[in-house]
Amino acid sequence: MDSEKKSTLNLLAYYLLINNKLDKAEALYAVLVRFFPEDGQLAMSLAYVFFLSARSEEALEQVNAAVKHIDDPRKPLALLLKARILHQMNRPQEAGRNIERYLRMLDKQREQRDNLSNEKTTT
């Protein structure tokens, strides 16, 4: 599958997701994840569909797979989704730990962004 088809199917899956057609969105995201297992964003989208469908175990498995392939700027979103899934599973302590990791990562990103901004203004 080429990148143009991937983008088209991803857009269609997103459209289905936001229009609450979860079964159809799941089917498309599952195909995309099968063809592009290294794309963490697709895996996150599938995890989100599972989360919305109250299929917590599958959502947790998928978000854990996604984290392995997500670049640093998006990792906080994965941790936030994981926390929501763990909360849905009635695992509040684990959810809380993921929220703490999420907040630490946001602080780190903010600090890095501020440092870059300061470097640009001093040069």
Side-chain angles (χ1 to χ4, degrees):
M1 182 180 308
D2 63 29
S3 64
E4 187 176 325
K5 288 177 185 170
K6 174 185 174 185
S7 295
T8 301
L9 290 176
N10 189 19
L11 183 62
L12 179 58
Y14 176 73
Y15 175 79
L16 292 166
L17 173 63
I18 63 173
N19 285 288
N20 206 33
K21 307 287 186 200
L22 299 180
D23 290 344
K24 292 177 181 178
E26 176 189 337
L28 280 178
Y29 281 128
V31 167
L32 287 165
V33 166
R34 197 170 313 118
F35 275 95
F36 302 98
E38 74 291 346
D39 189 325
Q41 189 60 44
L42 292 173
M44 282 254 307
S45 297
L46 182 56
Y48 188 61
V49 170
F50 288 145
F51 169 74
L52 292 176
S53 301
R55 293 165 54 194
S56 306
E57 291 292 335
E58 292 165 288
L60 184 60
E61 181 180 316
Q62 198 63 47
V63 81
N64 284 336
V67 168
K68 297 174 188 172
H69 300 288
I70 292 180
D71 56 350
D72 282 344
R74 294 191 183 266
K75 276 210 172 105
L77 294 175
L79 290 172
L80 184 59
L81 178 56
K82 186 173 180 177
R84 292 184 68 192
I85 293 165
L86 288 165
H87 181 74
Q88 187 179 58
M89 297 173 79
N90 199 27
R91 293 163 60 179
Q93 291 173 329
E94 290 175 81
R97 284 193 295 273
N98 278 274
I99 291 288
E100 289 170 4
R101 287 179 58 207
Y102 163 75
L103 293 172
R104 281 195 306 272
M105 286 186 109
L106 284 183
D107 286 342
K108 183 179 177 183
Q109 286 179 350
R110 189 176 303 116
E111 186 177 300
Q112 289 172 341
R113 194 173 45 248
D114 291 347
N115 288 341
L116 283 175
S117 183
N118 290 337
E119 288 176 12
K120 287 181 182 178
T121 58
T122 58
T123 56

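The analysis underlying the following values was restricted to heavy atoms, covering all of them including side chains, and did not include hydrogens, waters or symmetry mates.
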Distance check, rounded to the nearest 0.5 Å: R84 atom CZ versus I99 atom CD1? 9.5 Å
In Å, rounded to the nearest 0.5 Å, how long is the span from CD1 of I70 to CG of L77? 8.0 Å
Consider only side-chain heavy atoms of I, L, V, M, F, W and Y, link residues closer than 4.5 Å, and tell whether V67 and L81 are in one cluster. no
Carefully, step by step, assess L9 and M1 under the rule side chain to side chain contact (heavy atoms under 4.5 Å, CB included). CA-CA 10 Å; L9 290 176; M1 182 180 308; 3.8 Å; yes
E61, CD: over 12 other non-hydrogen atoms inside 6.0 angstrom: no
Could you tell me whether the side chain of N64 and the main chain of L60 form a donor-acceptor pair under 3.5 Å? yes
Side-chain heavy atoms of L52 within contact of N20, under 4.5 Å: no
If you group Ile, Leu, Val, Met, Phe, Trp and Tyr by side-chain heavy-atom gaps below 4.5 Å, do Y15 and L42 land in one group? no
Student check: side-chain heavy atoms of H69 and F36 closer than 4.5 Å: no
When you check the gap from the basic side-chain N to the acidic O, do D107 and R104 get nearer than 4.0 Å? no
Crowding at CZ, R55 (>12 non-hydrogen neighbours, <6.0 Å): yes
Please report the interatomic distance CD1(I85) to CD(E94), rounded to the nearest 0.5 Å. 12.0 Å
Check this for me: E38, atom CD, are more than 12 non-hydrogen atoms of other residues, nucleotides or ligands nearer than 6.0 Å? yes
Minimum heavy-atom separation for K82 and N98, please, with both atom names. CD-OD1, 3.5 Å
Exercise: identify the closest heavy-atom pair between H87 and A95: N-CB, 3.8 Å
Considering all heavy atoms of both residues, which atom of A78 and which atom of V63 are nearest to each other, and what is their separation? O-CG2, 3.7 Å
Evaluate the criterion side chain to side chain contact (heavy atoms under 4.5 Å, CB included) for residue pair Y14 and Y29; output intermediate values, then yes/no. CA-CA 9 Å; Y14 176 73; Y29 281 128; 3.7 Å; yes
In this structure, CZ of R113 is separated from CG of N115 (nearest 0.5 Å) by 11.0 Å
Could you give the distance from CG (D2) to CZ (F35), rounded to the nearest 0.5 Å? 11.0 Å
How long is the gap from CG on L12 to OG on S7, to the nearest 0.5 Å? 12.5 Å
Minimal heavy-atom distance between S56 and M89, with the atoms involved, is CB-CG, 3.1 Å
Is a side-chain donor or acceptor of D39 paired with a backbone partner of Q41 at a separation under 3.5 angstrom? yes
How about F51 and Q62: do any of their side-chain heavy atoms sit closer than 4.5 Å? no
Over 12 foreign heavy atoms within 6.0 Å of NZ, K75: yes
Is L11 reachable from M44 through a run of I, L, V, M, F, W or Y residues, each pair having side-chain heavy atoms under 4.5 Å apart? no
Run the side chain to side chain contact (heavy atoms under 4.5 Å, CB included) test on E26 and L16 for me, step by step, so that the C-alpha distance in whole Å, both residues' side-chain angles and the decisive distance to 0.1 Å come before the verdict. CA-CA 9 Å; E26 176 189 337; L16 292 166; over 6 Å; no
Out of Q112, E111, M105, which residue meets the side chain to side chain contact (heavy atoms under 4.5 Å, CB included) rule with K108? Q112
Minimum heavy-atom distance between A43 and A66, given as atom pair plus value: CB-CB, 3.5 Å
Transitive ILVMFWY side-chain link L79 to L86, under 4.5 Å: no
To check you understand the geometry: which heavy-atom pair defines the closest contact between L17 and A25, and what is its length? N-CB, 3.8 Å
